[in-house]
Structures are given as C-alpha cells and as structure tokens.
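So the structure is just underneath, and the comments pick up after that.
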Amino acid sequence: MPYLDDLNPAQRAAVLALDGPVLMLAGAGTGKTKALTSRIVHLLATGKARPNEILAVTFTNKAAREMKERVARMLGQSVEGMPWMGTFHSISVKILRRHAELAGLKSNFTILDTDDQLRLLKQLIVAAGIDEKRWPARMLAGVIDSWKNRAWTPAKVPSSEASAYNNRGTELYEQYQERLRTLNACDFGDLLLHVVTLFQAHPDILAQYQRWLRYILVDEYQDTNVAQYLWLRLLAQGHRNICCVGDDDQSIYGWRGAEVGNILRFEKDFPGAEVVRLEQNYRSTEHILAAASGVIAANAGRLGKTLWTEAQGGEKVRLIGHWDGEEEARWIGDEIEALQRGTRGGQPVGLNDQAILVRASHQMRAFEDRFLTIGLPYRVIGGPRFYERLEIRDAMAYFRLAVSPDDDLAFERVVNTPKRGLGDKAQQDIQRTARVSGMSLLEGARELLAAGGIGGKGAGQLRAFVAGVDRWHAKTLQQGHSHIELAEQILEESGYTAMWQADKTPEAPGRLENLKELVKALEQFENLQGFLEHVALIMENETEDAVEKVSIMTLHAAKGLEFPAVFLPGWEDGLFPSQRSMDESGLKGLEEERRLAYVGITRAEHLCTISFAANRRVYGQWQSQLPSRFIDELPVAHVDVLTPPGLYGGAYGAAAPGGFGGGSRIEDRATKADVYNSPGWRRLQERSSQRPVSQPRESRSPVIDLAAVSSFTEGDRVFHQKFGYGSVAAIEGDKLDIAFDKAGVKKIVARFVVAAHEADDVPF
DNA sequence: CAGGCTGGCTTTTTT
DNA sequence: AGCCAGCCTG
C-alpha cells in the first residue's frame, strides 16, 4: 500500500480505522485532504467497500471536485463509479429526484436561487398586506432559512418562534412552502429538509440507503447545521461507519446556521468513537503557528489541539500600525512590490503567492484604489459570481421558459425585458387571468390576448413574445437540434442581445461578453435541460489567470487556502472583531471572530503581516480606532513590531508575560501610564527603534508600457473595466488623471484603460 | 416609462 | 461615503 507510507502516524491511524465512528480533528495545514482521500482509496483497496458504497460529503463544489481529482489521481483512474461523492445539496437532489412524489413534488422540480426566493416572498408579503418596508422580504427569507437549517417544517416550528417576522413568520412560511409546491420548486434549504423529512417518514427508504451507503465520510464537519447533522445521523445509523473530519477552531459559519456543537458532541453521538488528532503542520513556520495558537487559546470549550512543525526559524509575524486606512493600503502595496522584486531580503515572492485577507468586503476598496494607482495587478476573490449577474439570470430565465413554458418566475422576470410596453398594469392583468383560470402566466397571457384584454402597443409585443416561447419550446422537444444554436436564437429573437447592444452604459460591453461566455458554457452539455440543472447547484466561476496577481478576499473566502505571504489589515476593535458580531452574539460572536483570526493567520506559510490603523472612515465618518483585542493575544516572542513607538494606536503592549496585553478587557488598555512604563512596552520600543519603519525603495513599477503612455493625450475619451467611460484630465508619466463620467476623478495607470472607441466595438 | 431624487442601510456567503 | 429601492415627476 504505497499510499500508506506517505502518511505520518496520525494520518495513518485515521486512514486505517475504517470501521466504526471516527472523528478526525485536523488542524490547519495538517494534511487533512490527504488523509481523507487516502482513506477512500484504502476502503477501495481493501475491498471493504465498492465505489458506489461510499458516501463522501463536502460543502462546496470546489472541495468535492478536489476530492474527486485526488482520489482519481491516487487510483490512477477516474471516479465515475463514485456516485455518492459530492455536496450535501447535490446528493440531496439526487435522492429527492428519485422520491419526489413523496415530498409532494414532481421529479423534474426546479431549484430556486436566492433571487427567485426573494421575489416569491415579496409577493406573499404584499398579498398578506404587510408593509414590506418595515418587514423586508430579506428578513423573512432569513427567518425561514434558519428554520430550514434546523430542519423545522412549518408544522414543527416551535411556539417560541411565534414572534418571528412580526408574528406572521410561521403563517408565511406555510404559505411559502405551499407556493413552492404549486410551482414544483425547491429552494436550497428544502433540498436538505425534504430529504430529512422523507427519511423520517419512510423508514423503508431510509433503510435502503443505509444498506447501500456502507461508509460515510464528511468534510468540514464543524460547518454542519442541524439539518445536515440529522441527514448524516439518519444515514449513519445503519453501519455506523462514519468518519467526520473537521476543526472546531475553524468554525466560522455560525451566523448561517453551522453548529460547532455538532463536532463538540461527536463522541456522545457516536459512543466508542475513535478520535484522531492531526497536529503536525506542514504549512507554516513555527512563529506563525505560535501566533495563531496564542490567539485561539483564548477561546473556551475547544476540543483542543496543539499544532507543531518540524520547520525551524523563519520570520516572526509582523505587526504594524498606520495613521489611517489609506496609509495602510499604501504600505502594503509597497511591501507586496518589494516582496515581488525580492528587495526585502530573501527570495522574490510572486504576486500569486501573496494575499490580503480582510474581515469585510468594503475594506477591499482601499486596496483596489491604491493598486490601480500604482498598477499592481490584483484579483478579488468571491465577488459577484458569474451566474448571479443580471444578464446571465435574464438569459437563464429565457432558457427556463423555453424548456418549461409554465415557469412563472422566469416568465415574470423576462416578459418585459427588454421593454415590451408591458408595465405593472398589463402584468397584473396577466396574473389575474392566470389565477382565475388556474393556468400558468404564459397561458394566462395567451387567454388575455385572445380576449382582447391587452391594450394597443403592448398587445402586439406580448403576442410576439408568446409566439417566441412556443417556437423555442417546440425546438427543445425536437431531436437533433443544436441547443447552442437555439440559445443564440432565443437571445437574438427576444431582442435581449439587441437591448444590451443599444445600451451605452459602461457595463454593457462586459455584459455582452458574459452572454457570449454563457453560450460557450453550453457546449459542455447535451441540452438546455442538463445545463439548467447544472447551474442551479453549481454557481461558480473560476477563472485561471495567466498574469500573476495579488489576491484580495475576505477571511471567510480564504478558508482552505494558503499563501507564502499573507497580509491581515484592519485589526481594529469594532472592525475585527466586528462590533456587530459581538452585539448580536456576545461571547459566542467574539469567539467566532477569534476563530476567524486563527484562520487568517494560519493561511500564511512564511510571512504573516498584521496591521491596524489609528483612524478609519466608517460609513463616511472619520473614527479613531483602537487596535484589535486579538493583537493583545499575540505572543510577544513570535512577533516583530514595526510600528514606531508612541505613534499610533499605542494601546497594545501591556506587561503580561507572553502576550501584548494583560487581558482583553477594555479597562486594561485604558491604563496607559502602566502600559507605557511596563517592561513589555519598553521591550517593544527597543525592538522597533532598531529598524526603519519601512525601507525606502526605489520608485515603483517594473513594467511601464511605453506604448500606453504615449497613446493618450489630455481630453481623450477612455474606458476602464471598473469605472467606465471618462476623459483624460492630466498625464503624469504612465499615470493618468481621469475624470470618469460616473465614478469621479481617479489616478490610473495608463495600461489599465483603453481608448473609448476601442471599447465600443466589443463584438457579439 | 425614464430619470432623478430621497431615505435608509451598511459582515461574513454556499448551495 | 456610496448603494439601492421606492417614489415622484415630466
């Protein structure tokens, strides 16, 4: 078994314990995925299970894909034969399609995304005569989601929740479920919920799956919610061969229903469970690990793990304070360039190997602005995703309508997009006609037209729209017709493409580009149906870039990733830990924030730089900030303080041995006199005075595109990917001051913009 | 029906 | 400060 030789003792123990319940506590960077995949390979190699008898569950498609690839690589063959490897949701859909009728659905039910869900709820809210302003649909969606996360059907919502959504929550939840059933649709929460209720109501079906799925593996167990927990427990009750992998210290999704409790009480749920701890870290230096451990140690109720590494030395975690957020961004930009060139000492660090991890996405802006100015390539991870974009959702609605003409939500979305002269009045008439006759909106429209119930110009256009849907639908039923051509035809004939071609806003060219990409994505599918099914569950858009870029993302988005150099800006109380988190969830919230800090630090392999600013604009108001309480928890021995003494912040650095602060209570930091007289603070001062704050660097930008510099003159019209159209107001070397039509004046490096006329003819 | 104005909100996000 | 939704006006 060559794959076993590759493992350390703990990993091997986790792989060899095939039977019975196993909890694999895998710290950051301890080779968790390796152990997990080896375990699957071992199950197959020992003949304990056949490929279709292993249930391997992850949260994200990305994790599922990664697992598939790694197992395939280790086996030297594809994993086509492992149908039960996927996300909770994709596996649930598979189960639910088979038994849809038992959940009151047809097996071709559609899966609604958040947007559809919200529009539906809005309708119910209006119908119930509730002021949507005071009681927003988002709130109701949140309430219903949290109930579904707890596996509560409308009947099971406890009376203690009766006050939810102005006392109308339960009632609306019931109506919503009713509506979904009529539409033959599910939201994401339903996928899990229906499977759980199905298993509970039909022991025979459950037993069948229990018999089938002899071995169960679960990744990121600390992120499971109650519904997922029940889902797993029901399935695992058969053979009790369940292996859950997770790290309680990395549980950061409590706010969306994840229960750390699930992992904490695993041993109670599964008596006799074997617990294996993976603690040898292969990712980070000892200083980085020590810093992370120092912070997380402040959390109570941990299962407890101590990461260690054989790696010696390395750089300490760096800590620096700045005057404000802009200076912080400037300094980090300089540091990144210095690392890239290798002028900071040590090997050059490529931009792909550097990341900035922020608490909240609005923090990204300062960095984007700065990087645009200095021409530092960056990529933002986790922005709006491809399939969530307006134009993609519109196009998808057209496709849905072609496939199922009775899809009312799709009908509503596009009946007047592009504008067909069908305003509120016309649409309400259609709705009413449909409701009265108990038909779909499309049929309602048809009937209304026949009855002459639609006025003047709208009538002709609606007739054309209905005829279009009929035509497209007929084509989806024909064999041998190219679905790609059909898609193009739909976008063309509906006037949707033309709508964007006529649009002169800066986003229009990009949207046309996206539509082209959408059509291209169809190539990988047999037909439109297959494509729609895929998109409902797999909302992702991973683009591999040829150009090296720094990554900017939230701490949440960074989980599971690693980078040689990591910057953690904005470590200020209120921002990180987030005030809102503490207000809403108290100590629990604070502890989750602390785990977020732990996740952040442990992303770093070699260099981790934490920073904070003394002043920051919050909602447009300048505020003076205190350094994060987490900074007090960093062990002094593993941190280099780069901040000039007495300058900014200044509140960190009390005398307690081993840490910067004596505690995390605000009162502690208020006694500044003590702090400044303390040995700890003097030590900090001595250390930081030995080094310049940041070495002066020769001025920046390795690559200057001379062609770009010379090709603009003042007054030129230009186009920028993010800011749209504008005119050149001033030129300074390779930098342009551009007055954007929408975004105001910005300083931008010339190679980031194109002449406006070039942007105009993006072909479609 | 467009376009402009005002008022309210503002953490994290996968499926 | 900036974004969005809803409202009013032309």
Side-chain angles (χ1 to χ4, degrees), chain A residues 57-64 86-93 111-118 122 131-134 136-139 141-142 145 148-149 186-193 220 223-225 227-228 251-258 325 357-366 369 381-385 387-388 416-426 457-458 505 534-540 553-560 570 574-585 589 592-593 595-597 599-600 616-623 742-744:
Chain A
V57 207
T58 62
F59 274 83
T60 64
N61 291 298
K62 198 175 154 207
T87 63
F88 275 104
H89 291 85
S90 68
I91 293 170
S92 296
V93 170
I111 300 162
L112 302 189
D113 59 33
T114 327
D115 211 73
D116 292 326
Q117 187 188 7
L118 235 42
K122 228 172 249 183
D131 179 8
E132 210 242 307
K133 237 175 166 160
R134 282 195 60 198
R138 306 196 59 94
M139 184 193 277
D145 256 3
K148 288 186 176 176
N149 284 341
C186 275
D187 64 19
F188 287 121
D190 280 340
L191 298 176
L192 278 301
L193 180 64
E220 308 279 16
D223 289 338
T224 48
N225 60 35
Q228 287 156 339
S251 160
I252 55 176
Y253 286 108
W255 52 274
R256 64 173 200 217
L357 312 182
V358 298
R359 174 63 183 87
S361 47
H362 63 79
Q363 291 173 261
M364 294 180 181
R365 223 197 123 139
D369 281 353
I381 302 209
R385 277 155 302 175
Y387 290 110
E388 279 171 10
N416 200 32
T417 314
K419 298 275 177 273
R420 296 194 174 89
L422 302 163
D424 278 353
K425 168 87 169 59
K457 44 193 166 188
T505 57
H534 166 89
V535 171
L537 282 177
I538 302 169
M539 295 275 223
E540 61 187 298
M553 67 189 96
T554 62
L555 288 160
H556 285 91
K559 191 161 82 150
L575 183 58
F576 188 44
S578 139
Q579 192 57 51
R580 184 151 166 188
S581 191
M582 294 186 291
D583 290 347
E584 284 175 8
S585 315
E592 184 154 313
E593 295 285 308
R595 292 193 289 268
L596 216 35
V599 167
R616 199 175 286 276
R617 261 231 266 263
V618 182
Y619 303 136
Q621 298 291 116
W622 279 103
Q623 276 192 6
K742 296 263 162 70

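Protein chains get the first letters and strands the later ones, always in sequence-line order, with residue 1 at the start of each. FYI, side chains are in, hydrogens and waters are out, and symmetry mates aren't considered; it's all heavy atoms of this structure.
Counting to the nearest Å, the C1' atom of B:dT14 and the CG atom of A:Leu192 are 11 Å from each other. Counting to the nearest Å, the P atom of B:dT14 and the CG atom of A:Leu555 are 14 Å from each other. In this entry the distance linking CD of A:Gln228 with P of B:dT13 reads 18 Å, nearest Å. Rounded to an integer number of Å, the gap from A:Asp187 CG to B:dT14 C1' is 13 Å. C:dA1 atom C1' lies 13 Å from atom CD of A:Gln623, rounded to whole Å. Between the CZ atom of A:Phe59 and the P atom of B:dT13 there is a distance of 16 Å, given to the nearest Å. If you take NE2 of A:His534 and P of B:dT15, they are 11 Å apart, rounded to a whole angstrom. Atom CG in A:Leu118 sits roughly 10 Å away from atom P in C:dG6 (whole-Å rounding).
With centres under 5.5 Å and a plane angle under 30° as the test, the ring of A:Phe188 is not stacked against the base of B:dT14.
Between B:dT15, B:dT13, B:dT10, one nucleotide has an atom nearer to the side chain of A:Tyr619 than all others, and that is B:dT10. Of the candidates B:dT12, B:dT13, B:dT15, the closest approach to any side-chain atom of A:Ala360 belongs to B:dT12. Which of B:dT12, B:dT13, B:dT15 sits closest to the side chain of A:Arg359 comes down to B:dT12. Among the nucleotides B:dT13, B:dT12, B:dT15, the one closest to any side-chain atom of A:Thr114 is B:dT15. Residue A:Lys419 has its side chain nearest to B:dC1 when only B:dT14, B:dT12, B:dC1 are considered. When distances run from any side-chain atom of A:Lys122 to the nucleotides B:dT14, C:dG6, B:dT15, the shortest one goes to C:dG6.
Between A:Asn416 and B:dC1 there is a side-chain polar atom (N or O) within less than 4.0 angstrom of OP1 or OP2. Taking side-chain N and O atoms only, A:Ser578 has no distance below 4.0 Å to OP1 or OP2 of B:dT12. Contact between the side-chain N/O atoms of A:Asn61 and the OP1/OP2 oxygens of B:dT15 is found at a separation under 4.0 Å.
A:Glu584 comes within contact range of at least one nucleobase, with a heavy-atom separation under 4.0 Å. Counting any heavy atom pair closer than 4.0 Å across all strands shown, A:Gly421 reaches sugar-phosphate atoms only and no base atom.
With hydrogens and angles ignored, the 3.5 Å screen pairs no side-chain donor or acceptor of A:Glu593 with any backbone N or O of A:Ser581. The backbone N or O of A:Arg256 sits less than 3.5 Å from a side-chain atom of A:Asn149, completing a donor-acceptor pair. In this structure a side-chain-to-backbone donor-acceptor pair under 3.5 Å is present from A:Arg595 to A:Ser251.
Remark on DNA chain B: of its neighbouring residues A:Glu593 and A:Asp145, the 5'-side contact belongs to A:Glu593, judged by nearest-heavy-atom nucleotide. A residue-by-residue look at A:Arg420 and A:Arg256 shows that A:Arg420 has its nearest nucleotide of DNA chain B further toward the 5' end.
Contact detail for A:Val358 and A:Met364: the closest heavy-atom pair is CG2-CG, 3.9 Å.
Within the 4.5 Å cutoff, no side-chain heavy atoms of A:Leu555 are placed close to those of A:Val599.
The structure places CZ of A:Phe188 at 15.0 Å from CG of A:Leu193, a figure rounded to the nearest 0.5 Å.
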